[in-house]
Asker: 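First the structure, then my questions, so here it is.
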Amino acid sequence: MEEDNHQDGEAQEVKISDSQPESIPPADILLGNHECPEPVEGNHSTADDRNQSVDSQPSHVGAEESGLDADVPPHLGAKLEPEETKDSDCLNNMSTHLDGTETEVRVTDNDQSDSGEFVVTMLAKAKLEEQGIGVKGRPSPLLEAGIQESPSFKSQRDEDVTTDSWRQHRKHVFVLSEAGKPIYSRYGSEEALSSTMGVMMALVSFVQSGDNLIRSVYSEEHTVVFLQKGPLVLVCVSSSRQSEQQLLGELLYVYYQIISMLTQASISRIFEHKKNYDLRRLLAGSEKILDGLLNLVDSDPSFLLAAVHCLPLASSLRDSLSQILQKAITPNLVFSILIAKNQLLTIVQEKTVIEDARLEPADVHLLLNLIGASSAFQAGEIWTPICLPLFNPDCYFYAYISYLDPPECTVCLLLLSTDKEAFYAVAECKRKIEEAMLTQNSLSLIAKAQLYSVNQVGVSDLRHFMYKPFDVPDNYRQLTQFTSPEMEAPYSNEEEKMRLLDLYRYMHSRIHSTSRPLKLIYHVAEKETLLAWVTSKFELYTCFSPLVTKTCAITAITKLLRWIKKEEDRLFIRYPPKYSTTPNPSKSSKSSKSEQQDSTDNGYLSPL
Amino acid sequence: RGLFIIRVFLLFLMGETLPRVPGGVPVRTLRVKMVLLGSSGVGKSSLAVRFSKDQFRDSSPTVGCAYLTRVLYLEDITLRFEIWDTAGQEKYHSVTPLYYRGAHAALVVYDICKKETFVRAQVWLRELEKQYIPGSTVVWLIGNKEDLSQNREVSLQEGQNLAQEKGLSFTETSALSGDRVNELLLAVGKSSSHDAPVQTGRLSDNLSLSNGVPQGSDSGPTFGP
């Protein structure tokens, strides 16, 4: 397995880094506002021997040793961080009921792999049953004929769920209702998976019956994470070695995307009326949007960082675009968003809206995914109800979506109104925007905008970075953004890109570990060296060539921070302008009762 | 029916003899709001794109509703079609009335290869009956995907019978090949703008109006930009 090689490599690299002279100036001095780090916690960890050995090296200045914790991924075999007692309790609980005969000291580990195996076995059994059903239910010649008929139409939806290739997908995501009815599966058809989902639901309700909540199951190769949200149960089966926290976050995105199409209120109402309602009826045609979201979650670090990536643009151009949007308004318009190449160009908000809430990055991600995942927007001007779950999970906005540069379809305008009748008025705003952009030649200027290369920073060993400032500009609650250069060689192919993202995910999980959060990590991996650092002002992930020294890395980061400071007007949307379109503030979507009414009768009570 | 054909034919001849000035000042401009209704996957969006751009595009499921336009210059009148292409997905049904309210023409589309879409079309028709004011909306029943007639599950006769029974206009089209799509648009325009007798029954094949349209449309009158 690739993963294993990679770990061996890391182990060696760790040694190299240890033997290096550790004459590094304290991070504080170089890195400005770094706060006093927390005391070393690494030594308490019994989970990872190598980690310990590194930490217990003769140490130097306190500030550094806690942070510069050359560590090894915790994913060597099935291992549960000992701190995560909630999970192990839960698993203990399960395994004592199911097969618990454990007396060893390392109860958690064994337990957990046992129960992991149990789940895997159960899932496998379910699979076998399905196979059986498939054979019984349909005569095999017909089945074969069916397969022969449409080999070219094989999408991930038609995938045979009994095959090994299906099992080997890196990350499965399932959504089911509390009644155990399948709603969505990332791979394979939901029908074919109904008994598997039944098993999942059995696990959930079994633990629930003991007044407990199942959160995760760890096995040698897989992490199974459960998320219960109202009447929906979301399950992720992942071999990606991400932390439970991260996988949970991804499931939450899936949940929000469903909410964005149906609203939370209508989902709860539907299931209140009919426990075994088949929600696929309402999600029909939206599978692509969920598929697209999961692909983005895997490939786009915006989701990991919970921040929006905007396209670098000369601040004068961004300002002029914002002004164009600012001028084209109509009553009840609340957000005007301009997108190019699936990245944010600019965003203008209604004044009263921004006062009581701001647009959350997750809502922007869902909007961007909606637009990116469907080619349906290229046909004409779209007018659709859409919910921004973090803004208000129970009400709809009405979104006007139109590309400004057909037939290329790279620059997209998104106008959100609270008035469902406002199509013509909002379409008129688009006309104004189009006209203004034509006179200012904006489209061709936007076409020239692109991601920047890390070379522009001018730091030799730096290969890639992700920088997320908190609160740009200072003290004002703004849309959380991050900046990152293009992934260039050696990360130009998909596999390498994914590998780097996995390293970032690993660094992120260490930084944000609930049990042992870190402020600074220096991590020597097989093919690169990474340094992650979080302060009260920013969060930074950097990737260097493998032989960089700590000294070099820290100097490089100082340079990088200076460069970002210098370029920040280009890299971020700094002072997003506002407009005032709500004649009567009570009409704002946050407080609108009528909107909520609308949302609840969506679909379910429709005569069709 | 014969009268209608002659009328259209005459219009066509007149259009032909008059020098056409692109973007010239027409006598009258009429706005024709039409709405496409029907189950998911019957080809509403493909029809809409055919109407508007005379292209075929296999599209993803429509999100909400797509708004497309098409301007059609006739000899004494300019028809500006506003095409509301609704999503067939159930989750958008509660907002659909928003789009068909005030429509001059409602096209209820089904897939001739899928019986259930035909059944569904009848539900749509009943739903429409509740909403529209007779006389203000011309309702059409459209059997789409006529190019796949070898897999047909709904016969031409069934479609015609339903249309007759409900007093609707009816035609079968193919958004893929473009067959009878432009004729349909023209007929919708006519029936919605003039007080032309509403054509019941299938549009005749010999109502072909092809006349060497430069923009590569395989059949159809000279449509504006």
Side-chain angles (χ1 to χ4, degrees), chain A residues 258 260-263 266-267 270 278-289 291-292 370-387 396-402 406-407 419-424 426-427 430 597-608, chain B residues 31 33 36-41 44-53 55-70 81-99 101-102 108 117 119-131:
Chain A
I258 293 173
S260 80
M261 297 182 273
L262 301 175
T263 76
S266 77
I267 290 180
I270 285 164
D278 186 355
L279 199 65
R280 282 182 306 157
R281 272 180 68 182
L282 291 182
L283 284 176
S286 307
E287 298 88 350
K288 260 194 179 169
I289 293 170
D291 294 346
L370 177 76
I371 293 166
S374 175
S375 63
F377 301 105
Q378 302 182 2
E381 296 157 67
I382 302 292
W383 184 245
T384 182
I386 183 129
C387 165
Y396 277 124
F397 282 103
Y398 291 84
Y400 172 92
I401 302 165
S402 176
D419 178 7
K420 65 176 170 185
E421 310 272 355
F423 173 80
Y424 288 102
V426 175
K430 181 231 175 180
Q597 219 52 46
D598 275 345
S599 68
T600 47
D601 63 37
N602 176 41
Y604 180 57
L605 296 175
S606 137
L608 291 166
Chain B
R31 193 170 145 243
K33 179 177 172 183
L36 289 152
L37 303 167
S39 307
S40 213
K44 295 180 296 299
S45 297
S46 299
L47 269 177
V49 170
R50 232 343 141 190
F51 284 146
S52 149
K53 302 188 172 101
Q55 292 171 350
F56 178 74
R57 205 181 287 167
D58 218 354
S59 70
S60 350
T62 306
V63 174
C65 190
Y67 174 82
L68 299 93
T69 55
R70 172 74 182 257
F81 286 94
E82 295 185 353
I83 304 156
W84 287 91
D85 166 29
T86 65
Q89 299 164 45
E90 194 174 326
K91 66 169 168 284
Y92 295 115
H93 287 179
S94 66
V95 288
T96 312
L98 195 68
Y99 310 121
R101 205 184 306 141
V108 177
T117 66
V119 175
R120 205 75 162 165
Q122 300 173 39
V123 184
W124 273 113
L125 288 172
R126 280 201 292 280
E127 176 67 6
L128 263 177
E129 276 165 15
K130 277 190 253 162
Q131 305 277 343

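Each chain gets a letter, A, B and so on, in the order the sequences are listed, and its residues count up from 1. Remember, it's a predicted structure, so these values are computed and weren't measured experimentally.
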Asker: Just how far is it from atom CD of B:Glu90 to atom CZ of A:Arg280, taken to the nearest 0.5 Å?
Answerer: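 Rounded to the nearest 0.5 Å, the CD-CZ separation comes to 12.5 Å.
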
Asker: Within the 4.5 Å heavy-atom criterion, are B:Tyr92 and A:Pro385 side-chain neighbours or not?
Answerer: yes

Asker: Check side chain to side chain contact (heavy atoms under 4.5 Å, CB included) between A:Ala399 and all other residues, then give those that pass, not counting sequence neighbours.
Answerer: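 Per chain and number, A:Ala399 pairs via side chain to side chain contact (heavy atoms under 4.5 Å, CB included) with A:Thr384, A:Ile386, A:Ile401, A:Leu414, A:Leu416.
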
Asker: Any idea which heavy atoms bring B:Pro61 and A:Gly285 closest together, and the distance?
Answerer: CG-O, 3.4 Å

Asker: Let me see the working for B:Lys91 and A:Ser286 under side-chain contact (heavy atoms from CB on, under 4.5 Å), right down to the final yes or no.
Answerer: CA-CA 10 Å; B:Lys91 66 169 168 284; A:Ser286 307; 2.2 Å; yes

Asker: Can the positive tip of B:Arg31 be found less than 6.0 Å from the middle of the six-membered ring of A:Tyr424, inside 45° of the ring normal?
Answerer: yes

Asker: To the nearest 0.5 Å, what is the distance between OG on B:Ser60 and CZ on A:Phe377?
Answerer: 8.5 Å

Asker: Do A:Trp383 and B:Tyr67 touch side chain to side chain, with heavy atoms closer than 4.5 Å?
Answerer: no

Asker: Compare every heavy atom of B:Ala66 with every heavy atom of A:Ile382, then report the nearest pair and how far apart it is.
Answerer: CD1-CB, 3.5 Å

Asker: Under 4.5 Å heavy-atom distance to chain B, tell me which part of A:Ser402 shows up: side chain, backbone, both or neither.
Answerer: neither

Asker: Looking only at heavy atoms, what is the nearest atom pair of B:Arg57 and A:Gln378, with distance?
Answerer: NH1-O, 3.4 Å

Asker: Quick one: what part of B:Arg101 sits under 4.5 Å from any heavy atom of chain A, side chain, backbone, both or neither?
Answerer: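 Side chain only.
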
Asker: Check whether B:Val63 gets within reach of chain A through its side chain, its backbone, both or neither, counting any heavy atom under 4.5 Å.
Answerer: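 For B:Val63, the contact with chain A is made by backbone and side chain together.
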
